[in-house]
Amino acid sequence: MPNPTSATSPSSTAADLIGRSNRLGADPRNTNYAGGNTSAKGTETDPVTGRPVELLWVKGSGGDLGTLTEKNLAVLRLDRLQALVDVYPGVDREDEMVAAFDYCLHGKGGAAPSIDTAMHALVDAAHVDHLHPDSGIAIATAADGEALTAECFGERVVWVPWRRPGFQLGLDIAEVKKANPQAIGCILGGHGITAWGDTSEEAEARSLEIIAAAEAFVAERTQALAAQGTHPFGAVVPGREALSPGERRAKAAALAPTIRGLASADRPQVGHFTDADVVLDLLAREKLTALAELGTSCPDHFLRTKVKPLVVDLPADADVADVVTRLGELHTAYREDYAGYYDRNATPESPAMRGADPAIVLVPGVGMFSFGKDKQTARVASEFYVNAINVMRGAEAISTYTPIDEAEKFRIEYWALEEAKLARMPAPKPLATRVALVTGAGSGIGRAIAERLAAEGACVVIADLNLEGAQEVAASLGGDDVAIAVRADVTSEDDVRALVDATALAFGGVDLVVNNAGLSISKPLLETTTRDWDLQHDVMARGSFLVAREAARAMIAQQMGGDIVYIASKNSLFAGPNNIAYSATKADQAHQVRLLAAELGEHGIRVNGVNPDGVVRGSGIFAGGWGAKRAAVYGVPEEELGAYYAQRTLLKREVLPEHVAAAVFALTGPDLVQTTGLHVPVDSGVAAAFLR
């Protein structure tokens with residue numbers, strides 16, 4: 001009797017494929033993030049019939065080779081896939097074939113089959129790798145790529161002219177392998193490489209052989225040019241040389257909010273910045289404008305970078321104000337150019353234009369800004385454009401860079417299948433694309449706020465005097481694509497400027513600021529020193545002012561609105577004993593909320609406050625001695641202070657850090673967008689602190 005549970009046991013064929021994929025995907029020389037796909041064919045026992053069945057395991061849509069797991073594989077019946085050859089309606093109805101793959105699936109679960117499934121199914125080899133190495137694409141995008149393929153590989157690798165990925169390309173490559181039994185793989189014009197083998201080890205070795213040979217070929221030609229005193233990108237243009245590291249990062253931080261605002265004209269974006277040597281070298285050279293205009297070629301590249309970047313046409317030492325002015329002009333021209341590209345190529349069946357803003361902005365002497373729906377997408381776009389630079393340099397070293405034409409790029413960018421893939425993506429979280437900066441976030445209330453904002457989709461900067469604590473919080477939230485840690489003393493103008501600059505360089509700008517940093521000194525009036533008074537006011541009143549001022553400067557440059565939230569206190573209203581310095585400072589913060597709400601409203605920046613009662617459990621302030629002092633004032637043991645505070649409230653409930661975090665989210669999320677100048681009590685009901 002068949003054993004249905006056997007279908008859940010791991011397959012050795014799949015395990016070998018995953019191992020090979022992870023090794024190939026771990027080296028960026030072999031393929032880019034989420035680029036390429038691998039497959040293996042094998043025989044398993046059908047859990048229903050008990051008979052052998054031939055299957056294809058292939059990386060599914062959207063997976064990444066370097067991190068591939070079994071759940072990222074699509075598993076299909078090979079006989080049904082190969083039977084599709086008899087019903088293939090031709091290239092004019094190519095897209096219908098992807099839907100047909102669903103009828104070939106074996107078992108349940110797994111990933112959705114990708115457009116490249118046909119290539120893997122139809123090629124007569126047990127193991128197939130399709131990869132996007134920079135060296136291979138350099139040959140694939142060279143003007144005389146076919147001749148160069150023969151020169152580099154002889155008959156061991158065959159040239160396949162550009163064809164859009166799909167069923168016909170699978171048929172083409174299957175025929176190439178059949179007609180060239182000596183070949184180990186092929187160069188796909190404008191696209192990448194494919195290799196095959198009878199075993200997983202053989203396919204992997206052949207993939208690496210093709211990549212190594214292409215790398216050596218490009219390197220030899222590049223060295224020959226250098227020996228002649230020339231460079232693939234031409235000579236350095238005077239005035240476009242890279243600024244010093246400090247100068248370019250300062251300029252990048254100053255420009256980042258403006259650039260992010262322009263890149264977010266259609267929809268909000270998160271930013272990424274790099275000043276890698278490979279980028280700065282292209283930006284300094286004479287072929288920059290021409291190559292940028294040609295755009296990228298490999299579909300994986302331009303789907304993430306758009307067909308071409310926006311290039312600032314000013315010298316490296318141009319004033320920031322002049323660059324900002326020029327960026328506005330260039331952005332208008334870029335949008336008009338992109339709309340023209342869409343209009344020239346769109347058909348009545350094409351999806352609507354998704355947006356005309358650039359995904360890549362190049363600033364000579366400074367570096368590259370990239371944008372996406374989240375930090376990872378923005379970072380990956382940057383990595384893909386670096387791949388494209390490597391491709392351009394290689395192609396120019398061995399020939400002339402000649403990417404696929406505009407019409408083909410459009411067909412892929414606005415492919416119905418790409419639109420369907422985008423539609424399958426989960427709905428964004430409420431704070432997706434928002435960049436949050438939380439002060440005092442290394443512990444206590446600040447940590448809880450940072451955790452809640454990150455959970456709701458925001459990128460978060462964890463600012464704290466204690467860098468080690470801030471780093472621990474950032475790491476717990478998921479690393480640099482979600483959160484970064486910055487040491488900052490909010491009483492220092494220089495530190496606060498550096499904090500906002502670090503936020504801009506990490507994520508493109510800032511949208512949401514929480515002034516939470518604070519400390520507490522509990523003393524009677526006659527024991528309160530001027531040092532106590534100044535310290536309280538420096539950290540909370542002065543610190544909040546400095547952070548709000550510098551963040552508002554960036555928000556105004558972005559022209560995307562924003563939120564500033566003050567964690568004030570019920571003590572801003574409640575007159576408690578032995579608390580003059582702390583409570584007066586909190587009253588200062590509370591009025592800053594009203595003043596800034598009135599001033600910043602015209603820029604779409606909302607300013608609100610949260611007034612907690614004593615948050616004892618999980619609070620850094622109470623753990624630092626404040627708890628013992630307040631317990632002494634009220635005549636209760638310190639361990640019972642939270643319960644004491646709760647009992648004096650109307651609801652008789654203790655206030656915890658997560659309750660304050662929930663109020664911050666309520667004020668900055670999608671439901672209170674018309675609210676500014678408000679203070680929200682989070683005190684379980686302290687009648688003496690009612691707002692009136």
Side-chain angles (χ1 to χ4, degrees), residues 32 34-37 61-62 89-101 112-119 132 137 141 162-170 188-192 263-269 292-310 331 333-360 370-374 377-378 380-381 384-385 387-388 402-428:
N32 37 41
N37 30 72
S61 178
V91 292
D92 291 340
R93 294 169 58 190
E94 179 84 55
D95 294 354
E96 297 174 26
M97 300 307 291
V98 175
F101 294 156
S114 77
I115 187 66
D116 287 318
T117 298
M119 177 196 306
H132 299 150
I137 305 175
T141 57
W162 162 260
R163 184 182 289 279
R164 186 166 57 121
F167 204 86
Q168 186 59 54
L169 180 60
L188 308 181
H191 189 167
S264 301
D266 286 316
R267 60 184 61 87
Q269 301 283 290
E293 186 65 24
L294 287 172
T296 52
S297 184
C298 176
D300 264 31
H301 293 179
F302 61 74
L303 282 173
R304 291 165 173 83
T305 66
K306 281 202 163 159
V307 290
K308 58 186 176 183
L310 184 155
H331 179 248
Y334 185 96
R335 288 177 60 84
E336 291 173 352
D337 182 70
Y338 188 86
Y341 154 78
Y342 179 88
D343 292 341
R344 285 191 300 275
N345 295 286
T347 67
E349 293 75 36
S350 296
M353 188 168 68
R354 298 192 193 102
D357 297 319
I360 303 291
S370 57
F371 298 92
K373 64 183 178 64
D374 52 36
T377 306
V380 168
F384 271 86
Y385 202 79
N387 291 133
T402 310
I404 62 175
D405 66 31
E406 177 187 279
E408 285 299 297
K409 291 178 184 179
F410 182 87
R411 289 176 65 196
I412 292 175
E413 184 178 0
Y414 284 92
W415 210 347
L417 296 175
E418 183 67 19
E419 193 73 7
K421 181 178 177 180
L422 293 172
R424 289 197 302 269
M425 298 182 73

Results of ring pair (Phe, Tyr, Trp, His ring centres under 6.0 Å) for [X] - residues two or more places apart only:
{"X": "Phe167", "value": "Tyr88"}
{"X": "Tyr338", "value": "Tyr341"}
{"X": "Phe384", "value": "His301"}

Euclidean distance, [Y] [atom2] relative to [X] [atom1], rounded to 0.5 Å:
{"X": "Leu294", "Y": "Thr402", "atom1": "CG", "atom2": "OG1", "value": "7.5 Å"}
{"X": "Ile137", "Y": "Leu188", "atom1": "CD1", "atom2": "CG", "value": "10.0 Å"}
{"X": "Trp162", "Y": "Asp405", "atom1": "CH2", "atom2": "CG", "value": "9.5 Å"}

Side chain of [X], backbone of [Y]: donor and acceptor closer than 3.5 Å?
{"X": "Arg354", "Y": "Glu413", "answer": "yes"}
{"X": "Thr305", "Y": "Ala381", "answer": "no"}
{"X": "Ser297", "Y": "Gly190", "answer": "yes"}
{"X": "Ser370", "Y": "Ile360", "answer": "no"}

Sequence neighbours left out, what passes side-chain contact (heavy atoms from CB on, under 4.5 Å) with Ala359? Give chain and number order.
Lys306
Run the side-chain contact (heavy atoms from CB on, under 4.5 Å) test against Ala427 and tell me which residues pass, sequence neighbours left out.
none
For Arg411, salt bridge (Lys or Arg N to Asp or Glu O under 4.0 Å) partners two or more places apart
Glu408
Sorted by chain and number, sequence neighbours left out, salt bridge (Lys or Arg N to Asp or Glu O under 4.0 Å) with Asp337 holds for Lys308
For [X], which residues count as a side chain to side chain donor-acceptor pair (under 3.5 Å) partner, sequence neighbours excluded?
{"X": "Thr377", "answer": "Asp374"}
{"X": "Asn37", "answer": "Asp116, His120"}
{"X": "Lys409", "answer": "none"}
{"X": "Arg163", "answer": "Asp172"}

Do you know the tightest heavy-atom contact between [X] and [Y]?
{"X": "Pro165", "Y": "Trp415", "value": "O-CH2, 3.2 Å"}
{"X": "Gly166", "Y": "Ala118", "value": "O-CB, 4.2 Å"}
{"X": "Asp357", "Y": "His331", "value": "OD1-NE2, 2.8 Å"}
{"X": "Glu96", "Y": "Pro89", "value": "OE1-CG, 4.3 Å"}
{"X": "Ala263", "Y": "Pro358", "value": "CB-O, 3.8 Å"}

Is there side-chain contact between Asp266 and Arg335, with heavy atoms separated by less than 4.5 Å?
yes
Student check: side-chain heavy atoms of Tyr385 and Pro309 closer than 4.5 Å
yes
The test is side chain to side chain contact (heavy atoms under 4.5 Å, CB included); show your working for Leu169 and Arg164 and say whether it passes.
CA-CA 7 Å; Leu169 180 60; Arg164 186 166 57 121; over 6 Å; no
Once you measure the plane-to-plane angle for Tyr414 and Tyr342, does it fall in the parallel (<30°), tilted (30-60°) or perpendicular (>60°) bin?
perpendicular
Would Ile412 and Phe302 count as a side chain to side chain contact (heavy atoms under 4.5 Å, CB included) here? Give the steps.
CA-CA 9 Å; Ile412 292 175; Phe302 61 74; 3.9 Å; yes
Please, which pairs that meet salt bridge (charged side-chain N to carboxylate O under 4.0 Å, His left out) have at least one residue in residues 341-352, sequence neighbours excluded?
Arg344-Glu406
